[in-house]
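Values reported hereafter were calculated over all heavy atoms of this structure, with side chains retained and with hydrogens, waters and symmetry mates removed. Fair warning: this is a prediction, and the values are worked out from it, not measured in the lab.
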4 protein chains.
Amino acid sequence: MKHCTRQDTPRWERRKEDRPQEILCAAVQVFGEKGFACAKLEEVAKKAGVSKGTVYLYYPNKEELLKSVVREYVSPIVNTVRAEQSQQQNQSCAAQIEHAIWQWWQKYGSTELSAITKLILNESASFPELGRFFYEEVIRAWWIYLQEILDKGVKSGEFSPIDTEYAAKVLCSPLVTLAVWKRSMDVCCDTHTDPQRYIKAHVQWCFMGCNPKHPPNRNHTARFGRIWPYPRQTPAKAPHGL
Amino acid sequence: MKHCTRQDTPRWERRKEDRPQEILCAAVQVFGEKGFACAKLEEVAKKAGVSKGTVYLYYPNKEELLKSVVREYVSPIVNTVRAEQSQQQNQSCAAQIEHAIWQWWQKYGSTELSAITKLILNESASFPELGRFFYEEVIRAWWIYLQEILDKGVKSGEFSPIDTEYAAKVLCSPLVTLAVWKRSMDVCCDTHTDPQRYIKAHVQWCFMGCNPKHPPNRNHTARFGRIWPYPRQTPAKAPHGL
Amino acid sequence: MKHCTRQDTPRWERRKEDRPQEILCAAVQVFGEKGFACAKLEEVAKKAGVSKGTVYLYYPNKEELLKSVVREYVSPIVNTVRAEQSQQQNQSCAAQIEHAIWQWWQKYGSTELSAITKLILNESASFPELGRFFYEEVIRAWWIYLQEILDKGVKSGEFSPIDTEYAAKVLCSPLVTLAVWKRSMDVCCDTHTDPQRYIKAHVQWCFMGCNPKHPPNRNHTARFGRIWPYPRQTPAKAPHGL
Amino acid sequence: MKHCTRQDTPRWERRKEDRPQEILCAAVQVFGEKGFACAKLEEVAKKAGVSKGTVYLYYPNKEELLKSVVREYVSPIVNTVRAEQSQQQNQSCAAQIEHAIWQWWQKYGSTELSAITKLILNESASFPELGRFFYEEVIRAWWIYLQEILDKGVKSGEFSPIDTEYAAKVLCSPLVTLAVWKRSMDVCCDTHTDPQRYIKAHVQWCFMGCNPKHPPNRNHTARFGRIWPYPRQTPAKAPHGL
DNA sequence: AATGAATGAGTCTTCATTCAT
DNA sequence: TATGAATGAAGACTCATTCAT
């Protein structure tokens, strides 16, 4: 004989298996929307349907929660892409580059996860450890992956001899910009950047740039000498001088 | 008893009018480094050489300070952009592109002004009118400028026929990324990105990409169909959907 | 299907009765080390080899656990004290004193039991009944024991005429301090107090102090008149009164 | 013409000079009553008549607040006593010892400050840094001071040759015990320990112990061999074995 | 006008206690 | 019984904002 009191709706459930994923999933959303500093663990908890304390049961603190998000969701992506690629070694390096770019978009850039990149770029100066972690765990992995393909292409003669290390960085930057852009300008303006078209333009650019008949003199750039870091101005100076 | 005539304390006389500028100058640095949430008004005050209270004398609160910073700093950027657009008309389009890139870095990217770009990208989701204004006044102007050169080059046959609108966006993105990067990753990691080398790689990329013998099939990309914005996931769902 | 008869799992049968003891044993260590406030029930549980919930099965809350610890652990102390008191009657009083001191250390001070003394001194202000019980059953018994020896020695002329009641208290204090010290300062500093050497110094002190040729004038102390409790100071007062 | 509105009772006063002392004074009381872990900075603030934030204006955190109490009020005491003593170098060492003991009581033991000693002994295992700090700052200073006098006395022949290092420790312990006692047993029992009488007994003990005609054989102690640390018992063992 | 001392709401984190399993 | 996942009240600490000076 069972009394049908409130006991039928228990105050909480025991779901050890699912909790971590639920919390991580909520964390992606909250971190993505608010950034690291402004994200409230209480909001993460609420979104995950648990109490504040439960979050700490699975992740020792805010920073580790974010790191876990990265480790769990973001880091594996390069390896996945790499693994898929390795089954197609007979493709041209150009095809491999293109594939990597589209995969990046499909698996990361187009998802909620790419908000992490925006977050890191925003806050790594304030939370250096986070910046270092993301750099080591994610950014470098992508750079290395792309540079390997470029190196292979240069070695085989498929590509021109280029500064592959920096070319890999340049190669990534439109993707990063696109992800940030979708979460900044496209939110407040009526720009509606079309990712497909953007990436197509990027891919085309990758393989031929604008393809001029007479590329400018390579030494042209020697004229420009200012180097980073530029001198800081003292606050008392007029800001126009900046 | 001390006489406070104009002659005796000329420095103090100007002070009153300079204060707002000094504060804004400090604020752009702090906001640029820390983002809105992590920026401390105390740090702004210290950098500006005034007390915390003085900041509130000129700006009613943190949000208004941010808005003032952006409003104030957009003008020099606009001027910088405009100044670029009128020069080098007689050169080849390729040379004009390259010149624009280097000028962007020299006049803008390498200066404090580029902190504003980082700031805007950070905060435009939270402060839409700021984003809109910056987009209209600065970004679009710059895009149009580049697109005009590209269009001219395509029209004259100097360049291949490309999607000039989006190519202009892609063309900008490494510059934006570089400026943001110097203010984020390079601060916390030992990456020490070399702007000269980065821009050289970018310029080379612009004109020939990696220049493969057999560029991949253009239709390849049709396989990728996911479009933005993707549906939000509810926390209970499997995170693989991320 | 597993048969759980007595023969098959003899160890498990006893478990149920041992649990409270195991928990108390763990608790005395943790309370002794950390004090009531800083002791974590989780640490107690782990040390006892049970789960947090099990502790609550036997003790309704932290406070009752502490009380049980003291109740349970005080008895052995009392017995230890009593056992000491009946021996060595035929020796000189000095020898009896010395013997008592060493026995105290060997049977009590050097064992886990002395953690209880530290605990009681910590918490008796918050849990008066605990303090009272420990005082009546243990401390007073020990004092009386020592005082009896001192009285006998004074009466027989072996000792000088002294204030035996307070001398007994003074006589105890280095022992208490040593036990507390080993559990506090020696844990965090590199002091490594040597108990043997400490007790030797104490014993020597007991029988001759520093043995000066000209002890100071006994009436000297009349100059010092402040008595306990001194008046509490209000915060606004000058702190020099402290 | 002044309107007598609420403005007559301003929400707060600006009292930069007095705040630190008021806060420290409140801190002594709260730390003394509650111990380090249980002391709430909010209570300190309330007692000092300020808000929570104000405490942090002057002391960066709880630990530094306590350290400041020690540095400001406790540490100077030895030096004061030392300085006073140095004006009486012609006194016997015995008189100097006695003077130090009474000064300790008058300047520290009888005041609210001596609760710090209890606190440290209680919590230095949980807050090792605090323990180390207090040891270095206070305890060692007293030990050194007393040992110096003892050494001088031994050297001059006024005292017997003794283990002055450990004798100094033994010499301190009744004072420590007294201070702890007044704040533990005397609070919950009707013991009402008389400090004057206690210290008199201690002083007498210092100079002659119980002064037996036939001190026990010094080698007697060789029989006792157990040394610290004794072996920890496993929780499963019967606690009587402790 | 300028200062910076003072405030207190807000957030991370801990842990005694509860309770579904 | 026993477990340990889940809770939520409580406390340290921060910082935008106020306001006495």
Side-chain angles (χ1 to χ4, degrees), chain A residues 7 9-20 37-45 48-63 65, chain B residues 12 15-16 19 36-46 49-63 65, chain C residues 12 15-16 19 36-46 49-63 65, chain D residues 7 9-19 37-45 48-65:
Chain A
Q7 287 153 11
T9 54
R11 278 204 256 139
W12 47 270
E13 283 178 274
R14 187 196 199 83
R15 299 228 317 283
K16 184 182 166 55
E17 302 305 320
D18 298 337
R19 293 290 192 227
C38 284
K40 302 176 206 170
L41 284 208
E42 183 142 31
E43 197 183 340
V44 172
V50 298
S51 76
K52 234 182 327 169
T54 301
V55 176
Y56 284 89
L57 224 52
Y58 295 97
Y59 306 98
N61 54 47
K62 201 179 181 181
E63 188 169 331
L65 177 60
Chain B
W12 294 81
R15 218 64 175 159
K16 219 178 296 184
R19 280 282 146 78
F36 181 71
C38 284
K40 296 176 206 170
L41 287 207
E42 180 137 36
E43 199 184 338
V44 172
K46 192 192 290 181
V50 300
S51 74
K52 235 185 324 172
T54 303
V55 175
Y56 281 87
L57 236 42
Y58 294 98
Y59 306 97
N61 55 43
K62 199 180 179 182
E63 187 170 332
L65 177 61
Chain C
W12 294 81
R15 219 60 178 162
K16 217 180 296 181
R19 281 280 146 76
F36 181 72
C38 284
K40 296 175 205 171
L41 286 205
E42 182 136 36
E43 199 184 339
V44 172
K46 190 192 288 179
V50 299
S51 74
K52 236 187 323 175
T54 304
V55 175
Y56 281 87
L57 237 42
Y58 294 98
Y59 306 97
N61 57 43
K62 200 181 180 182
E63 186 170 334
L65 176 62
Chain D
Q7 288 154 7
T9 54
R11 280 206 254 137
W12 48 269
E13 283 177 274
R14 188 195 199 84
R15 300 233 312 284
K16 185 181 166 54
E17 302 304 320
D18 299 336
R19 294 290 191 225
C38 285
K40 302 177 207 168
L41 284 208
E42 184 142 31
E43 199 185 338
V44 172
V50 298
S51 76
K52 232 181 332 166
T54 301
V55 175
Y56 285 90
L57 224 52
Y58 294 97
Y59 306 97
N61 54 46
K62 202 180 181 181
E63 189 169 331
E64 281 302 321
L65 177 60

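- Among F:dT18, E:dC19, E:dT21, the nucleotide with an atom closest to any side-chain atom of A:Trp12 is E:dC19.
- Distance check: A:Tyr59 OH to A:Leu57 CG gives 11.0 Å after rounding to the nearest 0.5 Å.
- Between C:Lys40 and C:Glu42 there is no salt bridge, since no side-chain nitrogen of the basic residue lies less than 4.0 Å from a carboxylate oxygen of the acidic one.
- B:Tyr56 approaches B:Asn61 most closely through the heavy-atom pair CE2-CA, 4.0 Å.
- One distance of note links CD of D:Glu43 with NZ of D:Lys52; it measures 14.0 Å at 0.5 Å rounding.
- Backbone-only engagement by A:Tyr58 is indicated by non-hydrogen atom pairs under 4.0 Å involving sugar-phosphate atoms exclusively.
- Mapped onto DNA chain F by nearest heavy atom, A:Val55 and A:Arg14 fall at different nucleotides, with A:Arg14 at the one closer to the 5' end.
- Between C:Leu41 and C:Leu65, the closest side-chain pair of non-hydrogen atoms falls below 4.5 Å.
- One finds no side-chain N or O of D:Thr54 lying less than 4.0 angstrom from the OP1 or OP2 phosphate oxygen of E:dA5.
- Shortest non-hydrogen contact noted between B:Lys62 and B:Ala37 is NZ-O, 3.3 Å.
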Convert the base pairs of DNA chain F into dot-bracket notation, remembering that pairs crossing earlier ones are written with [ ] and that bases paired across to another strand are shown as |; include only Watson-Crick or G-U pairs under 3.5 Å.
-> .||||||||||||||||||||
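- Listed pair D:Ser51 / E:dT7 meets the phosphate criterion, a side-chain N or O lying under 4.0 Å from OP1 or OP2.
- F:dA12 atom P lies 17 Å from atom OH of D:Tyr59, rounded to whole Å.
- The side-chain heavy atoms of D:Ser51 and D:Trp12, taken from C-beta on, include no pair separated by under 4.5 Å.
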If the sugar-phosphate is the primed atoms plus P, OP1 and OP2 and the base is the rest, what is the B/S/- string for nucleotides 11-17 of chain E, using protein heavy atoms under 4.0 Å?
-> SSBBSSB
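- Residue D:Asp18 holds its CG atom at 9.5 Å from CD of D:Glu13, rounded to the nearest 0.5 Å.
- Counting heavy atoms from C-beta on, the side chains of A:Tyr58 and A:Lys16 come closer than 4.5 Å.
- Between D:Arg19 and E:dA6, a side-chain N or O to OP1/OP2 separation shorter than 4.0 Å is present.
- D:Arg15 has its CZ atom 16 Å from the C1' atom of F:dC19, to the nearest Å.
- Contact annotation: D:Arg11 does not reach the phosphate of F:dT18 (side-chain N/O to OP1 or OP2, under 4.0 Å).
- Side-chain proximity of B:Leu57 to the nucleotides E:dT7, E:dA1, F:dT3 is greatest for E:dA1.
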